[in-house]
Visitor: 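Here you go, one structure.
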Protein chains: 2
Amino acid sequence: MKTQPKNVSCELCISRKFSLFAGVADQHLCHVSENKNFISHKKGQILFYEGTKPLGVFCINEGVVKVSKTASNGKEQIIRLAKKGDFLGYTALLGEESYSSSATIVEEAKICFIPRESFLKVLSDDNAFQQKVTKAICNDLGIMESKLTDATQKSIRERLAFTLLKLCENYGIEGQEGQKIDIVLTREEIAGLVGTATETVIRLLSEFKKDELIEFDGKKIIVLDKKGLARLSDFYG
Amino acid sequence: MKTQPKNVSCELCISRKFSLFAGVADQHLCHVSENKNFISHKKGQILFYEGTKPLGVFCINEGVVKVSKTASNGKEQIIRLAKKGDFLGYTALLGEESYSSSATIVEEAKICFIPRESFLKVLSDDNAFQQKVTKAICNDLGIMESKLTDATQKSIRERLAFTLLKLCENYGIEGQEGQKIDIVLTREEIAGLVGTATETVIRLLSEFKKDELIEFDGKKIIVLDKKGLARLSDFYG
DNA sequence: TCAAAAAGATGACAGATGTCACTTATTTAG
DNA sequence: CTAAATAAGTGACATCTGTCATCTTTTTGA
């Protein structure tokens, strides 16, 4: 976790247009630029631990980060995967509480750390930004409600099919024979995403493969039949 | 759903001290008082439906409201129970989206409806209020993360035990033989809260009764052994 | 007050899913 | 490059939980 010599300014950051900073005026951002730290991380490194206090927020410039919680049985539940342009840790900061989850690098990432004060300053300086952050959190809440409902009311098979579709949406790249999910996740991580046992994921994935819904390309999954997965993921197609 | 003649002002409202309006200056509240509608509702009445657009927020003065989502299998997942002092529907409003869930009266309720404009006005007039709302939403997100993790990683028995403890915390009144959960929920509603089938709740509740963890007083549940339930609700006690 | 509806309860049963144990393949590190 | 560690895969098996069917009890409403 070393600080890079080149500190790309937020104003010039390429991933800014995907982020909550998209519409923020340069004059508000320069304070952030001056105070943030640009750091690169390797797979497996941890940005923050559940239960610790937030000192600022993280902004992902490149790469993939998993936000997860460890259940009382020791298994890891992945709450969501964050990617380029996503902010991390602001809910704990704004909620004035400890992190409710941990964040771990899944794929080689470049990440900026924005200290608490700088982030709060933009928030109070720029009303539109404040509003956008609030909006984002509210949207997240709606998503969590759906996830909770799915978790209790759907079978593992349905949830796995749904998870694959979502991954496809977020990390899919077109190939000749369907979309390739361009992100390497272990079976254990997929299990954490779905909320099930690793063995169950392995079994269901090979079932999906047998049914020609997906196939494997090394460690990556290629989705051959989106419609089929969609049909599986819900009681109605 | 009739408008009451007596429109209690927010400034004088007794449940205000439990609510997000607690610290708001009277001068900011009077605009709300003038524009809100005080309405009383009967059990079973619906405040809003999932999928419709929010026109304002609801503030519960008295009673209990369930916030729920209908899963694709037709079953109802109860996201949370709201009570005196709780606001409803502001996440959809601030998230600029349709309601992600429905709200239904569970126990005879008195509820104020605050029109969109009035609510947004207080929000922009009172910075501390804005901050408090943001904080509340962030806290809710943390809670949802825990609920999701519990839903995927815990057994139904554990979740039911946990649900009973939570109900006890929120609606418990001291009795001679343990705490009585002073709210009437059908077995189906408890099932919706836990995220399981009604029959399973019935069976587990009678198992809990047999094990002298709880007993019934009419439609209400008396928790006899909190420690025992806590032990059941988690792998570590 | 009485019939209909809703809620509660119980049994039988099947199937999905978790656990455990073990093997094989792949990756990592010394 | 080889050994160790990690990940993937497979089988056996138990059991929790959902579904369906049926019955009883309670509540509701006309």
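Every chain is numbered from 1 and lettered A, B, ... according to where its sequence line falls, protein lines coming before strand lines.
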Visitor: Rounding to a whole Å, what distance do you find between A:Glu207:CD and D:dG9:P?
Guide: 14 Å
Visitor: Would you mind reading off the distance between B:Glu188 atom CD and D:dT27 atom P, rounded to a whole angstrom?
Guide: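 The distance from CD of B:Glu188 to P of D:dT27 comes to 17 Å, rounded to the nearest Å.
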Visitor: Taking the nucleotide of DNA chain C with the closest heavy atom to each, which residue, B:Arg203 or A:Ala197, is nearer the 5' end?
Guide: B:Arg203
Visitor: So, taking the atom named CG in B:Leu224 and the one named CD in B:Glu215, what distance separates them when rounded to the nearest 0.5 Å?
Guide: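 Reported value, rounded in 0.5 Å steps: 4.5 Å.
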Visitor: How would you label the contact of B:Thr196 with the nucleic acid (heavy atoms, under 4.0 Å): base, sugar-phosphate, or nothing?
Guide: sugar-phosphate
Visitor: Supply the atom-to-atom distance A:Thr91 OG1 to A:Asp140 CG, rounded to the nearest 0.5 angstrom.
Guide: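 Between atom OG1 of A:Thr91 and atom CG of A:Asp140 there are 8.0 Å.
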Visitor: Tell me whether A:Asn37 contacts the main-chain N or O of A:Phe113 through its side chain, where contact means a donor paired with an acceptor under 3.5 Å.
Guide: no
Visitor: In whole angstrom, what separates A:Lys220's NZ from D:dA8's C1'?
Guide: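 Computing the A:Lys220:NZ to D:dA8:C1' distance gives 18 Å.
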Visitor: Which heavy atom in A:Ser19 sits nearest to a heavy atom in A:Gly85, and how many Å separate them?
Guide: CB-O, 3.0 Å
Visitor: Can you tell me if the side-chain N/O atoms of B:Thr200 get under 4.0 Å from OP1 or OP2 in D:dG18?
Guide: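 Yes, because at least one side-chain N or O of B:Thr200 sits under 4.0 Å from OP1 or OP2 of D:dG18.
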Visitor: Check every nucleotide of DNA chain C for an atom under 4.0 Å from a heavy-atom of chain B, then give the first and the last such nucleotide from 5' to 3'.
Guide: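 Taking any atom under 4.0 Å from a heavy atom of chain B, the span is C:dA7 to C:dA12.
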Visitor: Can you tell me how far C1' of D:dG18 sits from CD1 of B:Ile156, to the nearest Å?
Guide: 10 Å
Visitor: Decide, yes or no, whether a salt bridge links B:Glu169 with B:Lys166 under the criterion of side-chain N to carboxylate O below 4.0 Å.
Guide: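 Between B:Lys166 and B:Glu169 there is a salt bridge, with a charged N closer than 4.0 Å to a carboxylate O.
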Visitor: Output the rounded distance in Å from CZ (A:Phe216) to C1' (D:dG9).
Guide: 11 Å
Visitor: How long is the gap from CD1 on A:Ile14 to CD on A:Glu62, to the nearest 0.5 Å?
Guide: 8.5 Å
Visitor: Give a yes or no on whether the backbone of A:Ser146 and the side-chain of B:Lys69 come within a donor-acceptor separation of less than 3.5 Å.
Guide: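 Such a contact is absent between B:Lys69 side chain and A:Ser146 backbone.
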Visitor: So what does A:Ile202 hit on the nucleic acid, given a heavy-atom distance under 4.0 Å: a base, only sugar-phosphate, or nothing?
Guide: base
Visitor: Quick one: on DNA chain C, does A:Lys75 or B:Leu185 contact a more 5' nucleotide (nearest heavy atom)?
Guide: B:Leu185
Visitor: In whole Å, I'd like the distance from the CG atom of A:Leu205 to the P atom of D:dA8.
Guide: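 Answer to the nearest Å: 10 Å.
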Visitor: In whole angstrom, give the distance that lies between atom NZ of A:Lys210 and atom P of D:dG9.
Guide: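 Going from A:Lys210 (NZ) to D:dG9 (P), I get 15 Å.
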Visitor: Is the phosphate of D:dA7 approached by A:Lys219 (side-chain N or O, under 4.0 Å from OP1 or OP2)?
Guide: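 No, A:Lys219 has no side-chain N/O under 4.0 Å of OP1/OP2 on D:dA7.
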Visitor: Is any side-chain nitrogen or oxygen of A:Arg187 closer than 4.0 Å to OP1 or OP2 of D:dG9?
Guide: yes
